[in-house]
Amino acid sequence: MSATEFIRLKKANCTNCYKCIRHCPVKAIRFSGGQAHIIQDACIYCGECFVICPQNAKWIYSETEAVKSILLQNEVYVSLAPSFISYFDTGISCMKDALKKLGFAGCEETAVGATIVKNVYEQLIQEEKKDVLILGIESSCDETAASVVKNGRTVLSNVISSQIEIHKLYGGVVPEIASRNHIERINQVIQEALDEANVTLDDIDAIGVTYGPGLVGALLVGVAEAKAIAYARNLPLVGVHHIEGHVSANYIEHPDLEPPFLCLIVSGGHTHLVIVKDYGEFEILGRTRDDAAGEAFDKVARAIGLGYPGGPKVDKLSKEGNPNAIEFPKAKIGDCPYDFSFSGVKSAVLNYINHAQMTGEEINRADLAASFQKAVVDVLVEHTMLAAKDYGMTKIAIAGGVASNGTLRAAMEEACKKNNYSFYRPSPIFCTDNAAMIGVAAYYEYIKGTRHGWDLNAVPNLKLGER
Ligand code: KG4
Ligand code: ZN
């Protein structure tokens, strides 16, 4: 390597927009010839043009914080790979000019810088080899939960304090009561999670917490707790999307499962059909136009007099009923074959009950529950299979509270078998709200370099894919 292949950069009037860092994570660093090579994979000036990394070295994880702290120092050392230079007409001088425009004055050529960068990153890689323990916290609805997760896949503890018994009295979740109970229980739940995992906060590498979507008051309890621990212990804070957590529950018991795959997300507040393109990256194919699947289960359960929480009760009662006793409508959305609508079937059930009451007919509740459940499950399975075929997906997963439904699990398994697809589903305990799934999702964000600040807030209507 000749001396001209190295530049030494001094930061002068950089505006600290960090565009350069965002576009040059450590994933573009390579080691060879005893040197560390930072290879820009996008323009450090405008963020778009300038260079395309010739050897996008993906095998080193992004560590944006580390790069940021290096760049924030007065002098920044960058080494360029020889092959990099040969790719560009104007070569190194063009690179230097752009850097100068960005505010880095006095680019000097040096090989010393490369060695410094190499040492820093070798240290980071050593750290990466250690086990990563995440403390996950979940409080978005009526479960106060904490969990310790190792390396994103191994659950060391999973403590869930459910408020079902309290809310049962009111026929549904009362937000104020939920918040108050989270406050009363959260410290104890976290301590139990640490004890069960046989660790202390000293062993934890980062705190992951659900910050949306959910009930704002309930979310705030977890977020405030996570921030307090992270601040007191000087630990990184990673905010997690609740639904991303549900999807990530699939990684716990399926070590072979990696994106891309198709996932049907069915919970109390959400019904989405998505392609999980990468960890934390989703393409939404379909969603519900009205009620979520779980919501329909809960409303129908209430109408039949089963009470709260409805889903598991409908599931149980259905086992005694005939799913073909009553034919309920299965909505199809003309312009989007992957979208769902459950308000029609819910209304049909209510009309059926009203009609029976008016005519004095006796209702067979088990048949009613089983027939309703069949109508919902058939649509969920049909849409998922259609999307799998259209998008050429062969790995199918389900997630969310309704994913613990016995009929859905069996029907999806059968359909996947028929089509030769691999089927993945979390155990029921990881389908309904828990913090293990939050710890898993937080792990994958953590190793990507995602960090939240002390301004992290609860976002009750956080959309999937939003940060
Ligand atoms: O994912 P989850 O625990 O909370 C949300 O994020 O919404 O989902 C709760 C929903 C509730 O509507 C509940 O009735 C439903 O999941 N659910 C079920 C079953 N278990 C829970 N629905 C049908 N069958 C079940 N076995
Ligand atoms: Zn949930």
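Just follow the structure's listing: the first ligand is 1, and inside any ligand the first atom is 1. Counting from 1, the numbers follow the sequence of the chain as shown.
With rounding to the nearest 0.5 angstrom, the CG atom of L464 is 6.0 Å from the NE2 atom of H272. Distance check: L285 CG to Y338 OH gives 6.5 Å after rounding to the nearest 0.5 Å.
Residues forming a side chain to side chain contact (heavy atoms under 4.5 Å, CB included) with N324 (at least two apart in sequence, or on another chain): N322, K374. Residues satisfying the salt bridge (charged side-chain N to carboxylate O under 4.0 Å, His left out) test with E165, not counting sequence neighbours, are K168.
Within 4.0 Å of ligand 1, the residues that place a heavy atom are H242, H246, S267, G268, G269, G294, F297, D298, G311, P312, D315, G400, G401, V402, S404, N405, T432, D433, listed by chain and number.
Using modelled atom types, one finds a donor on one side chain and an acceptor on the other under 3.5 Å when comparing H242 with D433.
A distance-only check finds no donor-acceptor pair linking the side chain of H182 to the backbone of G222 [under 3.5 Å]. Using a distance-only test at 3.5 Å, with no hydrogens or angles considered, a donor-acceptor pair links the side chain of K448 to the main chain of Y279.
A salt bridge is defined here as a Lys NZ or Arg NE, NH1 or NH2 lying under 4.0 Å from an Asp or Glu carboxylate O, and D205 with K150 fails to meet this definition.
Listed by chain and residue number, the protein N/O/S atoms under 2.8 Å of the Zn ion (ligand 2) are H242 NE2, H246 NE2, D433 OD1, with waters left out.
For the ring pair (Phe, Tyr, Trp, His ring centres under 6.0 Å) with F372, the lone residue among Y352, F297, F328 that qualifies is F297.
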